[in-house]
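Counting starts at 1 for both ligands and their atoms, in listed order. On a predicted model such as this, the values are computed, not experimentally measured, just so you know. Heavy atoms only: backbone and side chains are in, while hydrogens, waters and symmetry mates are out. Each residue takes its place number in the sequence, starting with 1.
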Amino acid sequence: MSNLAWALTPKLLQLIILPTEKCNFRCTYCYEDFEIGRMKRNKIEAIKKLIDARLERNSLDALELSWFGGEPLLARDVVFELSEFAHQRFEAGRLKGLHGDTTTNGYLLDLPTLRRLVAARQSSFQISLDGYAEGHDRTRRYASGKGTFDRIWKNLLAARGSDIPFKIMLRLHQNAENGESMDRLIDEIAARFGGDRRFSAFFKTIENLGGPKSGAIQVMNKETAKERVARLQKVLSDAGLATSAVLEGPESNTGKPSVAERKPGGAAVAEADGAKKEQGAAPSKKFDGHICYAAKPNSLMIRADGTIGKCTVMLNDERNRIGKLNDDGTVTLDNEKISVWMRGFHALDVLELGCPAQNLPKLDVKPQEAPIKFHQLRAAAVA
Ligand code: SF4
């Protein structure tokens with residue numbers, strides 16, 4: 001099936017779930033406010049009802065669960081419960097496809113957690129590193145202020161020593177100050193993880209778009225970044241690891257699988273920055289097949305309080321509150337708001353499909369309060 005068909009088919013459902021919006025880290029560049037805590041029982045049950053209602057109507061073949069936060073593994077019991085709920089339906093043959101991915105800081109991803117998630121087909125992970133040891137700890141700190149590297153590295157080494165069939169993408173943040181530490185990290189990754197195809201590396205520069213923590217963000221010169229990343233990519237690919245990189249703009253425009261692109265904290269800063277830079281840019285480049293999950297009618301983000309949104313970056317933007325998950329498993333959606341996220345389908349506009357947050361139209365509409373059935377979403381969304 002083509003990307004376009006996958007984006008539109010109601011037989012596939014992607015739920016990006018934030019089981020908690022709290023985090024155990026306080027990265028120096030993070031944009032999240034941590035105001036919403038852990039998902040409550042009524043919303044956990046509502047997600048189950050939503051999935052079962054779709055299965056009962058025979059309107060769902062494949063489910064993709066994407067865990068995001070906050071730090072999703074702070075609520076790992078919620079992640080286990082919902083993943084295993086979906087996995088039971090897969091094992092019973094009611095779901096033909098099930099896949100899950102987790103964007104985590106890696107601190108709580110110990111071996112038992114990894115094993116249990118992979119057993120429930122939640123086998124892809126993205127973990128961010130900002131350098132080796134104290135280079136990482138300078139920016140990715142625990143809430144108490146202590147370093148986090150040792151524990152994450154221990155978890156990664158344990159994963160490496162296991163036979164668990166996971167996929168871990170190491171997201172390597174480049175900034176103006178972490179060159180030396182990044183060199184060390186790359187050497188260590190090559191030595192410890194080289195040749196293990198369960199691991200891959202993704203390079204991303206941290207950019208600065210202002211905001212309350214902008215003073216802490218050390219932006220890299222573009223040319224220096226290019227030269228550094230090319231050199232580091234070569235070290236890792238010589239060691240038998242797949243690599244990719246985005247040094248500028250919304251990474252979702254690269255054509256990589258959208259869920260694995262998402263990131264905790266600062267990388268979102270860069271991504272939103274890219275989105276902003278595109279404001280006013282001439283749209284309508286030819287469609288290249290890549291569609292951000294935020295543009296897809298069959299992808300919904302469910303926040304810990306049941307708010308439904310589309311984009312994992314613009315969490316506090318009113319236009320990204322497109323509805324709510326009701327306790328009976330139905331969703332109440334605002335069709336006007338949904339349609340602006342999906343406007344790229346009208347002209348197959350590469351920018352609007354690749355990052356619909358860019359040039360997102362301003363809205364002045366009243367939310368539609370009537371609950372709409374999930375199978376109506378596609379029609380409503382692309383109308
Ligand atoms: S809409 Fe843009 S900023 Fe939002 S998740 Fe997609 S690519 Fe990122």
Side-chain angles (χ1 to χ4, degrees), residues 3-4 6-8 14-18 21 29-32 64 66-70 72 101-103 126 128 169 171 173 202 204-211 244-281 283 285 287-303 307-322 337-346 348-363 381-382:
N3 279 358
L4 202 52
W6 275 120
L8 293 172
Q14 179 188 30
L15 295 178
I16 301 169
I17 302 174
L18 282 60
E21 299 193 26
Y29 42 62
C30 183
Y31 66 102
E32 296 202 31
E64 183 168 352
S66 298
W67 303 102
F68 197 68
D101 47 78
T102 305
T103 299
Q126 181 177 175
S128 295
M169 177 189 275
R171 183 183 170 104
H173 290 155
F202 171 58
K204 184 79 183 83
T205 44
I206 296 292
E207 297 178 48
N208 187 351
L209 57 93
S244 54
V246 169
L247 304 183
E248 206 174 352
E251 61 206 72
S252 289
N253 281 341
T254 59
K256 298 190 308 303
S258 58
V259 172
E261 292 161 7
R262 282 174 297 105
K263 65 295 112 202
V269 172
E271 189 167 345
D273 188 27
K276 284 196 171 179
K277 275 191 214 140
E278 301 286 359
Q279 304 261 348
K285 273 169 37 192
F287 178 56
D288 64 356
H290 174 64
I291 305 168
C292 174
Y293 46 81
K296 296 177 182 177
N298 54 16
S299 173
L300 293 177
M301 170 180 68
I302 303 178
R303 297 187 64 176
T307 300
I308 293 181
K310 296 296 290 176
C311 166
T312 51
V313 176
M314 297 171 62
L315 287 180
N316 291 323
D317 192 302
E318 196 46 44
R319 294 166 294 178
N320 197 24
R321 295 174 197 273
I322 64 160
K337 285 187 177 177
I338 295 168
S339 63
V340 301
W341 288 98
M342 297 165 194
R343 68 197 184 284
F345 285 102
H346 287 296
L348 291 185
D349 183 303
V350 69
L351 296 177
E352 291 178 344
L353 288 171
C355 177
Q358 58 199 350
N359 296 326
L360 193 66
K362 298 248 179 299
L363 285 173
V382 297

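Scored by the side-chain contact (heavy atoms from CB on, under 4.5 Å) test, Ala294 finds Cys292, Lys310, Cys311, Trp341, Pro356 as partners (sequence neighbours excluded).
Contact detail for His173 and Ser128: the closest heavy-atom pair is CE1-OG, 3.6 Å. The two atoms that bring Met342 and Ala295 nearest to each other are CG-O, 3.1 Å, heavy atoms only. Of all the heavy atoms in Phe345 and Ala7, the pair that sits closest is CZ-CB, 4.1 Å. Of all heavy-atom pairs spanning Arg303 and Leu315, the tightest one is NH1-O, 2.8 Å. What you find for Asp101 and Glu64 is that their closest heavy atoms are OD2-OE2, 3.3 Å.
Against a heavy-atom cut-off of under 4.0 Å, Cys355 is close to the following atoms of ligand 1: 1 (S), 2 (Fe), 3 (S), 7 (S). Listed by number with element, the atoms of ligand 1 under 4.0 angstrom from any heavy atom of Pro356 are 1 (S). The ligand atoms of ligand 1 that sit less than 4.0 angstrom from a heavy atom of Tyr293 are 5 (S).
Atom 4 (Fe) of ligand 1 has Cys311 among its coordinating residues (N/O/S atom, backbone or side chain, under 2.8 Å).
Contacts of Ala294 with ligand 1, taken as heavy-atom pairs under 4.0 Å, involve the side chain alone. Contacts between Cys292 and ligand 1 below 4.0 angstrom, taking non-hydrogen atoms only, involve the side chain exclusively.
At least one heavy atom of Gly354 lies less than 4.0 angstrom from ligand 1.
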